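Read the structure below first, then the notes.
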Amino acid sequence: MSGPRRAERFEPAEVEPRWTAAWEEAGVGHADPSSDRPPYTIAIPPPNVTGALHIGHALNNTIQDVLIRAHRMAGFETFWICGTDHAGIATQAVVEKALAAEGIRREDLGREEFVRRVWEWKEEYGGRIIDQLKRLGCTLDYARERFTMDDAYVAAVLEVFVALHAKGYISRDRYIVNWDPGLGSAISDLEVEDREVTDTLVRIAYPLADGSGEVVVATVRPETMLGDTAVAVNPGDERYRHLIGRTAILPLVGRELPILGDEHVDPEFGTGALKITPAHDPNDFEIARRHDLPAVGVIGEDGRMTPEAGKRYAALTPAEAADRVMADLREQGLVRGEEPYTHTVPFSHRSGARVEPLVSLQWFCDMSRLAAPAIAAVEEGRVRFHPAKWGDVYLAWMREIRPWCISRQLWWGHQLPVWYRGEETYVGREAPDGDGWERDPDVLDTWFSSALWPFATLGWPERTPELERFYPTQVLSTARDIIFLWVARMVMMGIEFTREEPFADVAIHAVVQAPDGRRMSKSLGTGIDPMDEIERHGADALRFGLLMMSSTQDVRFSRERIDQGRQLVTKLWNAVRLVVERGGRAGAGPVEPASLADRWIASRVADAVERGAGHLDRFELAQLADLVYHVVFDEYCDWYLELLKAGEASPEMAGAALEQLLALAHPLMPFVTEEGWSRLPGATGLMAVHTAPRTPGPRDEAAEAEMAAVQEAVTALRGYRSRRGLPPRAPLLMDPAPHLAVVALDWVEAAPEGEREGLVPTLLGDGRSIGVGPAREAVDPEVERARLADELAAAESELARAEAKLGNAAFVERAPAHLVDAEREKVERYGAERDSLAARLAALQ
RNA sequence: GGGCGCUUAGCUCAGUUGGGAGAGCACCAGCUCGACAAGCUGGGGGUCACUGGUUCGAGCCCAGUAGCGCCCACCA
């Protein structure tokens, strides 16, 4: 008594880790600078050292692994640079949070001890994402893992800072910056996001000094009036022109404010008179520079009112100060109106706090001269974006580039190579000689060090073998959200310090959103953990699904795509089992086709290989995934393997075609293809380094046309069988030789005389017969009548359509001849079919 | 205020140079057949957002409209 036969199932959880280990052991990802193969390098966008793999990482790294694996198999010496980023703010925040759980503040520890704790944290938890990348199947060069705070990397960062300072690009300035009160640090323009907020727009009367009246200003930040140093009006504004040059008195403070004219003021807005607070508004800051006005800082870096705001307000929060100012103004009868006002307000991307613009002493990098060659690089095509439109976005930003505030008031990061002693300032990697020098406590913006990633990871400024051999890199793959933050800055720094563009192609991929269209984020609870998906269906399925989703636009996460990947994995696996069972082999070299089916599949595989290479060249990975799916599923499995089972194809060709398909699919689904390869007799070595030439064979148009006829016929017969309710077990055999299929169906006798022609016109076109056997089912005349009526209606509709087209003289005259001929052919064919169907229907009545 | 993108089946999305609209999931019907029930076969389902234009012919090209999304700019 034997139970049902059990298929050997593909178990990703068992299979995948095994191959990850095998690839690592074989050094698949390890680059050899002395190799004579052409280099192909990608620098991974370094994930945050404390981070975990999210969907965006999974997609981005799948894309990179596809590119790397495909080029490795194509004979390149591939180097996928591996590493993590110290991610100053994010990492510091994570560690601070952990310390807070123990009731410790970083100030309690002091800087040195705190930084030591961060390093401890990094050693303990820093490798998690690297392990996750291995689980995803990524063949990075793990042995050369880099970190943006490695000694060599730090040296590169300091070298760059010193060099840029020497050229006069980096300097220290007192300037209005985006102050993040939550972080206690300045942040750059790119780390600020606008949010809509409804505030109250209040109108405040400022009395004129000569007692002749008042000027009314409008503001949403009444507490900033304490720092006003002028009132501005538009010089063309008739209402106020006479006030220019006169003086107003700042209420509550008593300061004299010059009234001046400036084109920036919009007469239409508010009252048309603008209070000028140079220390707390970027526009006011500019106006103040133009008119040489002093700045009075009333909000401090601690986020509270300063002594300069006056005793009554000092140490309050700005919100408290606003209330008190309003109360005091009301008391003095100086409030002239209040209305709700909705506008955009800057918030910190980092801490979420409302950004407080304030004047602060910071280090800035002038980007204008760095930008010029980086603009030319894209304009002249040495750096190409895919899709190309992102190049325009890059250029638009670069052409309007502004100074970059690079200093951060944090503890974790690259401390500035700047020393002070009294009034002296020294910039250099080592402290200068002499006593009393103190190092600037600030650190650099994380993106400053990230900007050096493609060459600092290769040992620059040393001329290492890796740098000589693998720089510049070929491709940079990322989502669009860091084009400015990172991509643009890498191009600038790469050109400045290596005289070469750091990469030639920038592949911009989709941003994966939550299934409901919201942003995927842990805090919103909309995140999807890729490791869960791997657990569910395996890394291959996840990789495939993500690639299918990665068309050029933003896309919602769809688990169905991962299911589709799982289907393909299963299909491929079972195809291997069947081919092995039928005696198929790998590595047999060119196989002589033994049948129409063989010729057909060889041609279809050649087509897929060729189109796949094109998709890869154009970074169209979603199309590549779709192509692989269809050639494997629809062509190889649905048709070719069915023909193999029917004895219409040869095991030799089945093995050869499978070898090519496994190689084609391997970069997308490395695990199942590697496992399948290992099961195929004759297969040697790892599929991951399978470099057998995959130049596409010749297409066989004749075989494709004949096979199309067979497919059409078989599909028609299956449809007929199903509509007639005949048993699906009824055999359906094909003999493709020499030119067409002869179909034998033992139920065909049930079809009325004459119907067979309409059923399989392709087959009977040159007189071949259908083999017949005993009828198994009686046909219900009612059902049959209805079916014939439907088919008659369809034929008539087709006929009418073709006749209408041919009735259009312009069509006959101007359309290509083959299309016109096709319509003429249809008129004949459907005319005959209509007549035949009508006759049969009449016979049934 | 400027720029970019999107709108195709119930859902998520493909759709090459303009020549009879596709996939996965979902749905209906039938199938445990010696690769595969994580499966197979057949089927139903679409005003390609809307309006106009170009063309013999438009999902595709052009103009406009509406809705949604993103980026940049940052009139207090």
Side-chain angles (χ1 to χ4, degrees), chain A residues 4-5 7-10 189 192 194 201 217-221 224 232 264-277 281-284 341 343-346 389-390 392-393 396-397 400 480-481 483-484 511 513 515 517 537 541 545 548-549 551-567 569-582 611 614-615 618 620 622-623 626 629-630 633-634 637-638 641-642 644-645 715 718-723 725-729 731-732 798 801 805 808-816 818-820 822 826:
Chain A
R5 217 174 69 98
E8 185 192 354
R9 305 213 327 186
F10 185 77
D189 295 339
V192 171
D194 285 342
L201 184 68
V217 299
T219 182
V220 293
R221 304 280 315 267
T224 64
H264 168 78
V265 180
D266 177 5
E268 303 293 315
F269 189 87
T271 63
L274 175 64
K275 63 190 271 301
I276 303 297
T277 320
D281 183 282
N283 292 308
D284 293 5
Y341 177 62
H343 62 148
T344 58
V345 170
K389 66 176 176 181
W390 295 111
D392 297 333
V393 174
W397 183 76
E400 300 291 325
R480 58 162 194 279
D481 52 351
I483 290 175
F484 308 144
V511 173
Q513 302 167 329
H537 292 311
M548 284 295 281
M549 289 177 227
S551 48
T552 55
Q553 57 178 314
D554 292 356
V555 71
R556 297 180 184 201
F557 182 83
S558 132
R559 199 155 269 139
E560 288 73 27
R561 290 294 175 207
I562 297 175
D563 291 345
Q564 196 178 347
R566 185 218 62 218
Q567 284 186 317
V569 168
T570 305
K571 204 66 176 172
L572 223 29
W573 170 243
N574 284 301
V576 170
R577 292 178 57 229
L578 176 66
V579 171
V580 169
E581 186 183 299
R582 299 292 167 130
R611 285 190 297 140
H615 287 316
R618 295 187 295 274
E620 299 166 346
Q623 288 90 329
D626 192 64
Y629 181 88
H630 283 107
F633 232 99
D634 300 350
C637 293
D638 282 2
L641 290 185
E642 290 305 317
L644 177 70
K645 287 196 285 189
T715 303
R718 282 176 181 159
Y720 178 81
R721 183 169 60 185
S722 177
R723 282 192 303 276
L726 294 165
R729 298 291 301 275
L732 196 100
E798 288 296 329
R801 188 176 178 279
K805 274 203 161 184
N808 179 351
F811 174 75
V812 176
E813 198 177 322
R814 300 201 186 179
H818 72 276
L819 292 170
V820 178
K826 280 184 203 170

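All chains are named by letter (A, B, ...) in the order of the sequence lines, taking the proteins before the strands, and each is independently numbered beginning at 1. Being a predicted model, the structure only gives us computed values, none of them experimental.
For A:His630, counting side-chain heavy atoms from C-beta on, the closest listed nucleotide (B:C36, B:A23, B:G19) is B:A23. Of the candidates B:A23, B:C25, B:G19, B:G19 carries the atom nearest the A:Leu819 side chain, counting heavy atoms from C-beta on. Distance from the side chain of A:Gln623 is smallest to B:G15 among B:G15, B:C40, B:A35. Nearest to the side chain of A:Lys389, among B:A35, B:C13, B:G5, sits B:G5. Comparing B:G19, B:A38, B:A35 by their closest approach to the side chain of A:Thr570 singles out B:A38. The side chain of A:Asp638 lies closest to B:U41, out of B:U41, B:G19, B:C36. With B:A35, B:C13, B:C25 as the candidates, the nucleotide lying closest to the side chain of A:Val555 is B:C13.
Going from the P atom of B:C61 to that of B:G19 covers 12 Å, rounded to whole Å. Using atom C1' as the reference point in both B:C6 and B:G15, the two lie 15 Å apart (nearest Å). B:A9 and B:A66: their C1' atoms are spaced 23 Å apart (whole Å). Spacing of P atoms, B:C33 relative to B:A38, comes out at 15 Å, to the nearest Å. B:C36 sits 14 Å from B:U41 when the C1' atoms are compared, rounded to a whole Å. Spacing between B:U65 and B:G57 at atom C1', rounded to whole Å, works out to 26 Å. The C1' atoms of B:A73 and B:U16 are separated by 37 Å, rounded to the nearest whole Å. On the C1' atoms, B:C75 is 35 Å away from B:A49, given to the nearest whole Å.
The distance from atom CG of A:Asn574 to atom C1' of B:A35 is 5 Å, rounded to the nearest whole Å. Regarding A:Lys571, its NZ atom lies at a distance of 10 Å from the P atom of B:C36, rounded to whole Å. A:Arg577 places its CZ atom 13 Å from the P atom of B:G34, with the value rounded to the nearest Å. Between the P atom of B:G57 and the CZ atom of A:Phe811 lies a distance of 11 Å, rounded to the nearest Å.
Using a 4.0 Å cut-off, some side-chain N or O of A:Arg582 falls inside it from OP1 or OP2 of B:A35. Phosphate contact (OP1/OP2 of B:A38, side-chain N/O of A:Arg9, threshold under 4.0 Å): present. A close approach under 4.0 Å does not occur between any side-chain nitrogen or oxygen of A:Lys805 and OP1 or OP2 of B:G19. Taking 4.0 angstrom as the limit, A:Arg556 places a side-chain polar atom (N or O) nearer than this to OP1 or OP2 of B:U12. Considering only side-chain N and O atoms, A:Gln513 lies nowhere under 4.0 angstrom from the phosphate OP1 or OP2 of B:C70.
Between the side chain of A:Glu560 and the base of B:A23 there is no donor-acceptor pair of N/O atoms closer than 3.5 Å. Within 3.5 Å, a donor on the side chain of A:Glu798 pairs with an acceptor on the base of B:G20, or the reverse.
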What does the list of N/O pairs under 3.5 Å between the protein and nucleotides 72-76 of chain B look like, with a distance for each?
{"residue": "B:C74", "atom": "OP1", "partner": "A:Arg402", "partner atom": "NH1", "Å": "3.2"}
{"residue": "B:C74", "atom": "O2", "partner": "A:Asp194", "partner atom": "OD2", "Å": "2.5"}
{"residue": "B:C74", "atom": "N3", "partner": "A:Asp194", "partner atom": "OD1", "Å": "2.9"}
{"residue": "B:C74", "atom": "N3", "partner": "A:Asp194", "partner atom": "OD2", "Å": "3.0"}
{"residue": "B:C75", "atom": "O2", "partner": "A:Asp266", "partner atom": "OD2", "Å": "2.7"}
{"residue": "B:C75", "atom": "N3", "partner": "A:Asp266", "partner atom": "OD2", "Å": "3.3"}
{"residue": "B:A76", "atom": "OP2", "partner": "A:Tyr341", "partner atom": "OH", "Å": "2.9"}
{"residue": "B:A76", "atom": "O2'", "partner": "A:Ala218", "partner atom": "O", "Å": "2.8"}
{"residue": "B:A76", "atom": "N6", "partner": "A:Asp266", "partner atom": "O", "Å": "2.7"}
{"residue": "B:A76", "atom": "N6", "partner": "A:Phe269", "partner atom": "O", "Å": "2.9"}
{"residue": "B:A76", "atom": "N1", "partner": "A:Asp266", "partner atom": "N", "Å": "3.4"}

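Remark: A:Glu642 engages A:Lys645 in a salt bridge, criterion side-chain N to carboxylate O under 4.0 Å.
For A:Asn283 against A:Asp281, the heavy-atom pair with the smallest separation is N-OD1, 2.8 Å. The two residues A:Leu201 and A:Val220 come nearest to each other via the heavy atoms CD1-CG1, 3.8 Å. What you find for A:Val265 and A:Gly272 is that their closest heavy atoms are CG1-O, 3.4 Å. Contact detail for A:Ala541 and A:Arg566: the closest heavy-atom pair is CB-N, 3.5 Å. Listed here is the closest heavy atom pair of A:Arg9 and A:Trp573: C-NE1, 3.6 Å.
Using a 4.0 Å heavy-atom criterion, one finds that A:Gln564 contacts the sugar-phosphate atoms exclusively. Within 4.0 Å of A:Lys645, counting heavy atoms only, lies at least one base atom of the nucleic acid.
The ring-ring contact (aromatic ring centres under 6.0 Å, His included) search around A:Phe811 returns none, not counting sequence neighbours.
The side chain to side chain contact (heavy atoms under 4.5 Å, CB included) test with A:His537 is passed by exactly one of A:Asp563, A:Thr570, A:Val569: A:Asp563.
In this structure, A:Tyr629 and A:Phe633 have parallel ring planes: the angle between them is below the 30° cut-off, well short of the 60° mark.
In this structure, B:C33 is classed as syn because its glycosidic torsion stays within 90° of zero.
When the nearest nucleotides of RNA chain B are assigned to A:His537 and A:His615 by heavy-atom distance, the more 5′-ward of the two goes with A:His615. Mapping A:Ala810 and A:Ser558 onto RNA chain B by nearest heavy atom places A:Ser558 at the nucleotide closer to the 5' end.
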TODO: Whenever both distances are under 3.5 Å in a Watson-Crick or G-U wobble pair, mark it; put RNA chain B into dot-bracket that way, with [ ] for crossing pairs and | when the partner is on another strand.
DONE: (((((((..((((.....[..)))).(((((.......))))).....(((((..]....))))))))))))....
